[in-house]
There are 2 protein chains.
Amino acid sequence: MRRMTARPANAHQARLLRLLRDGGPNSRAQLGDQVDLSRSKLAVEVDRLLETGLVVADGLAASRGGRRSHNIRLAPGLRFLGVDIGATSIDVAVTNAELEVLGHLNQPMDVREGPVAVFEQVLAMAAKLKASGLAEGFDGAGIGVPGPVRFPEGVPVAPPIMPGWDGFPVREALSQELGCPVMVDNDVNLMAMGEQHAGVARSARDYLCVKIGTGIGCGIVVGGEVYRGTTGSAGDIGHIQVVPEGRPCACGNRGCLEAHFSGAALARDAEDAARAGRSDELARRLEAAGRLTAVDVAAGAAAGDATSLSLIREGGNHVGQVIAGLVSFFNPGLVVIGGGVTGLGHNLLAAVRTQVYRTSLPLATGNLPIVLGELGAAAGVTGAARLISDHLFSPA
Amino acid sequence: MRRMTARPANAHQARLLRLLRDGGPNSRAQLGDQVDLSRSKLAVEVDRLLETGLVVADGLAASRGGRRSHNIRLAPGLRFLGVDIGATSIDVAVTNAELEVLGHLNQPMDVREGPVAVFEQVLAMAAKLKASGLAEGFDGAGIGVPGPVRFPEGVPVAPPIMPGWDGFPVREALSQELGCPVMVDNDVNLMAMGEQHAGVARSARDYLCVKIGTGIGCGIVVGGEVYRGTTGSAGDIGHIQVVPEGRPCACGNRGCLEAHFSGAALARDAEDAARAGRSDELARRLEAAGRLTAVDVAAGAAAGDATSLSLIREGGNHVGQVIAGLVSFFNPGLVVIGGGVTGLGHNLLAAVRTQVYRTSLPLATGNLPIVLGELGAAAGVTGAARLISDHLFSPA
DNA sequence: CCGCCTTTGTCCTGGCTGTGGAGAAAGTTG
DNA sequence: CAACTTTCTCCACAGCCAGGACAAAGGCGG
């Protein structure tokens with residue numbers, strides 16, 4: 001199949017493409033209701049989109065009381081590749097133009113093995129998805145990496161947990177390999193975009209998306225758009241101090257949030273507790289697996305283990321303390337919590353909520369939902385697809 | 001004089017008006033260089049603006065090597081009123097259309113006397129400015145109040161330090177009294193706009209403006225626009241916790257930033273120190289004035305008083321601690337510090353800088369200037385004028 | 001099954017807008 | 001004073017788009 005080459009010629013076309021992406025197949029009449037264009041103008045633009053092949057006819061719509069309208073939809077053969085590179089694993093997925101995940105692969109891999117090894121793996125996974133018949137090629141790809149990115153160029157900058165990636169031309173290299181346009185962003189920003197497109201944040205305009213995994217980061221959405229900051233490091237909240245003179249952190253300071261609560265810190269605390277004999281439950285699991293992770297603590301808490309519960313509660317307090325500050329400062333309409341530790345679920349959420357509602361002012365918290373992300377691992381790859389589709393569905 | 005009634009008819013005209021406001025009188029040719037319109041189109045729009053009277057001819061420009069161009073400027077009779085209501089004083093100023101302050105009055109007044117008394121005073125001050133011949137009337141007014149505002153309606157909401165103002169229709173009432181359009185915003189946001197228009201933040205797109213006065217607040221500018229949050233309370237950083245189980249705060253919590261450092265807290269600490277005999281300098285001043293303020297501490301520090309210096313340093317550390325967190329989160333391109341305590345000057349700045357550069361990650365602080373505001377009391381009123389001019393210089 | 005209504009899609013006209021060229025006006029430079 | 005540059009005005013042409021007229025397609029009540 002020939003891949004997508006056309007791009008919308010003007011803002012109207014871009015608008016229509018996004019409506020079709022976000023709302024699925026739609027009748028011409030319904031589109032007309034949403035765009036404030038004259039019928040003639042709309043017809044012209046739709047015809048042009050049909051000519052480019054980005055959009056195809058899709059039968060007749062249900063009648064709204066008169067003549068039935070013709071449906072149109074985005075070309076069903078369009079395929080986006082969503083890649084979410086985490087600290088310890090890689091997610092790769094194929095989506096259609098409506099950003100529905102058609103196939104999803106996950107593979108453990110340490111990001112510290114460097115960009116060459118990682119992208120070899122990514123390309124292999126993409127090839128596997130192709131081989132399974134889900135795609136004949138890709139019209140665009142979005143890539144998430146666990147560190148700050150100079151967004152316009154798609155290049156990681158000074159990423160603390162991924163030495164060897166600094167300055168690696170991710171966008172250019174992958175664009176070459178995949179033969180399609182590529183956009184690169186921080187994994188947390190992609191999660192925020194994913195939850196906004198298909199998850200809990202669908203109607204939010206200003207919100208925060210806190211991702212707690214190996215590290216901790218925060219996606220910031222302002223007016224429906226991701227905010228990246230001056231150097232692309234906005235949302236890097238893992239090294240905000242939560243305990244004066246607290247635990248030493250890899251960054252050189254003491255008392256950082258990440259040092260006191262994150263996937264890594266939690267695992268270490270759990271192992272310490274198990275070895276110190278403070279929890280039979282965790283000790284059993286450590287014996288069985290040789291090591292502990294956040295999953296074990298979640299299971300422990302579910303089984304009623306007091307130590308696991310208290311680890312979660314303490315961690316939630318620390319995260320909640322930081323989020324409370326951010327809520328006062330940013331006054332978001334929603335806070336989403338996601339990432340690897342989502343498995344800790346409602347115990348974590350309860351601790352965070354308590355802390356935020358207790359510490360922040362009522363005006364900011366009055367009608368502030370604090371919820372768990374609902375997409376799980378799909379958030380990152382969906383957000384990645386959304387990133388590249390936003391790019392492609394904008395005027396050339 | 002007949003007041004301004006016309007408004008720009010389209011985005012091009014609005015653009016031109018703002019260019020003239022920000023760049024002062026300008027030749028038609030130079031305007032053409034900045035707006036990407038054809039010469040004919042530009043001529044048409046300028047002619048229309050001349051017809052409305054918003055813009056007037058202003059002689060000939062210097063030659064750029066050929067025929068001299070005709071200058072145009074905003075109508076010299078346009079007048080904006082900028083009002084900055086602080087916790088303990090009122091600033092009122094008149095500006096021309098280029099937002100230059102033509103006259104400025106300041107009057108002590110406790111905001112807790114309520115909106116009716118305060119606005120009586122404001123109107124009296126405005127009348128005085130008029131009487132002095134600076135204005136024959138006002139084409140618009142911007143009002144800053146020390147608390148959160150529901151921006152579209154111009155109504156304060158649940159302002160902690162100004163009981164009696166909750167829900168008072170500031171915008172509507174003043175619009176009636178003054179007979180001109182009015183916009184209302186938080187005083188901190190106005191300070192941010194003021195420093196952006198005429199102060200240190202002229203070229204900044206994403207920056208923070210921390211105002212330390214009776215309380216502490218933070219103006220947030222994203223992409224050149226003030227960000228106000230979901231309920232208008234964004235930037236309310238005075239009640240972020242800086243000391244676990246610290247001093248009790250008026251808000252009901254403990255350890256809030258405002259409880260540990262602000263104009264009010266500093267004055268109290270200074271008086272305590274004076275009474276406890278820890279500083280002869282401060283004791284002398286307390287004796288002389290009956291009470292102490294931030295100004296006394298500044299003078300003490302200038303005179304080399306160790307206690308004053310240490311109070312400033314400790315306060316700067318606390319503010320710096322909060323700013324460090326915000327810098328990590330928001331990754332601004334600039335941090336401006338202003339408000340009543342600017343008099344503490346470089347001692348305060350040094351403490352803040354130390355704390356921020358030590359605590360935040362290098363990527364965020366690498367090229368981050370932290371500076372004092374340069375407009376002082378003019379920042380608020382200039383920002384107020386800018387607020388209303390932005391409103392009036394936008395398509396109707 | 002038939003007339004009448006609503007909705008949708010297409011076509012066309014008339015008005016408006018903006019581009020870009022021609023050329024005049026006004027200055028500078030040597 | 002001639003040659004060049006810059007600015008400004010005028011005008012013709014093309015493109016765009018709103019909105020009306022009309023045809024097509026379907027629902028609905030009788």
Side-chain angles (χ1 to χ4, degrees), chain A residues 6-20 23-74 394-396, chain B residues 6-20 23-74 394-396:
Chain A
R7 290 279 291 276
N10 58 43
H12 300 309
Q13 291 185 14
R15 178 88 199 283
L16 291 171
L17 290 174
R18 289 178 191 212
L19 281 173
L20 290 172
N26 226 319
S27 75
R28 295 159 96 107
Q30 272 180 307
L31 287 175
D33 295 344
Q34 296 173 70
V35 292
D36 192 41
L37 287 177
S38 70
R39 276 188 314 216
S40 10
K41 175 70 176 154
L42 178 67
V44 169
E45 296 299 354
V46 169
D47 283 348
R48 285 187 194 153
L49 284 175
L50 286 167
E51 265 174 43
T52 66
L54 283 175
V55 153
V56 299
D58 190 41
L60 287 170
S63 168
R64 293 199 294 180
R67 173 175 174 176
R68 293 168 65 194
S69 184
H70 293 266
N71 269 338
I72 56 174
R73 59 172 299 184
L74 291 169
S394 63
Chain B
R7 290 277 292 277
N10 58 44
H12 299 310
Q13 291 185 16
R15 180 86 200 285
L16 291 171
L17 290 174
R18 289 178 192 213
L19 281 173
L20 289 172
N26 225 318
S27 75
R28 295 158 98 108
Q30 273 180 309
L31 287 175
D33 294 345
Q34 297 173 69
V35 291
D36 193 40
L37 287 177
S38 70
R39 283 193 312 262
S40 3
K41 175 70 175 156
L42 177 66
V44 170
E45 296 298 355
V46 169
D47 284 347
R48 286 189 192 149
L49 284 175
L50 286 167
E51 266 175 42
T52 65
L54 283 174
V55 154
V56 299
D58 189 39
L60 288 171
S63 167
R64 294 199 293 179
R67 174 174 173 176
R68 294 169 65 193
S69 183
H70 292 266
N71 267 341
I72 57 174
R73 58 172 300 184
L74 290 170
S394 62

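Quick note on labels: first sequence line is chain A, next is B, and so on, each numbered from 1.
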Could you go step by step and tell me if A:Val56 and A:Arg73 meet the side-chain contact (heavy atoms from CB on, under 4.5 Å) rule? CA-CA 6 Å; A:Val56 299; A:Arg73 59 172 299 184; 3.7 Å; yes
Take the protein atom [atom1] of [X] and the nucleotide atom [atom2] of [N], then report the distance between them rounded to whole Å.
X: B:Asn26; N: D:dT7; atom1: CG; atom2: P; answer: 12 Å
X: B:Leu42; N: D:dC10; atom1: CG; atom2: P; answer: 15 Å
X: B:His70; N: D:dC8; atom1: NE2; atom2: P; answer: 6 Å
X: A:Arg28; N: D:dA24; atom1: CZ; atom2: P; answer: 17 Å
X: A:Lys41; N: C:dC12; atom1: NZ; atom2: P; answer: 18 Å
X: B:Asp36; N: C:dG20; atom1: CG; atom2: C1'; answer: 14 Å
X: B:Asn71; N: D:dT7; atom1: CG; atom2: P; answer: 12 Å
X: A:Glu45; N: C:dG9; atom1: CD; atom2: C1'; answer: 16 Å

Do the charged groups of A:Arg48 and A:Glu45 touch, with an N to O distance under 4.0 Å?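 The answer is yes: the pair qualifies as a salt bridge.
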Any protein N or O atoms within reach of nucleotides 27-30 of chain D? Criterion: under 3.5 Å, listing atom names and distances.
none

Given D:dC8, C:dT10, D:dC17, identify the nucleotide with an atom nearest to the side chain of A:His12.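 Closest nucleotide among those given: D:dC17.
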Given the rule in the side-chain contact (heavy atoms from CB on, under 4.5 Å) test, do B:Leu74 and B:Val55 qualify, once you have shown the distances and angles that lead to the verdict? CA-CA 4 Å; B:Leu74 290 170; B:Val55 154; 4.0 Å; yes
Name the residue closer to the 5' end of DNA chain C, choosing between A:Arg64 and A:Ser40 according to the nucleotide with the nearest heavy atom.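 Result of the comparison: A:Arg64.
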Any heavy-atom pair between the side chains of [Y] and [X] that's under 4.5 Å?
X: B:Leu49; Y: B:Leu20; value: no
X: A:Arg68; Y: A:Ser27; value: no
X: A:Pro395; Y: A:Arg7; value: no

Might you point out which heavy atoms bring A:Thr52 and A:Ala6 nearest each other, and give the distance in Å?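 For A:Thr52 and A:Ala6, the tightest heavy-atom pair comes out as CB-CB, 3.7 Å.
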Could you tell me whether the side chain of A:Gln30 and the main chain of A:Asn26 form a donor-acceptor pair under 3.5 Å?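 No: the side chain of A:Gln30 does not pair with the backbone of A:Asn26.
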Distances under 3.5 Å between nitrogen or oxygen atoms of protein and nucleotides 22-25 of chain C:
{"from": "C:dA25", "atom 1": "N3", "to": "B:Arg67", "atom 2": "NH1", "distance (Å)": "3.1"}

Side-chain N or O of A:Ser69 less than 4.0 angstrom from OP1 or OP2 on C:dG9?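 So the side-chain polar atoms of A:Ser69 do come within 4.0 Å of the phosphate oxygens OP1 or OP2 of C:dG9, strictly under.
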With nearest nucleotides of DNA chain D determined for B:Gln30 and A:Leu37 from heavy-atom distances, which residue corresponds to the more 5′ nucleotide?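 Nearer the 5' end of the strand: B:Gln30.
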For the CG atom on A:Asp36, are there more than 12 heavy atoms of other groups (residues, nucleotides or ligands in this structure) within a distance under 6.0 Å?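 Incorrect, the count does not exceed 12.
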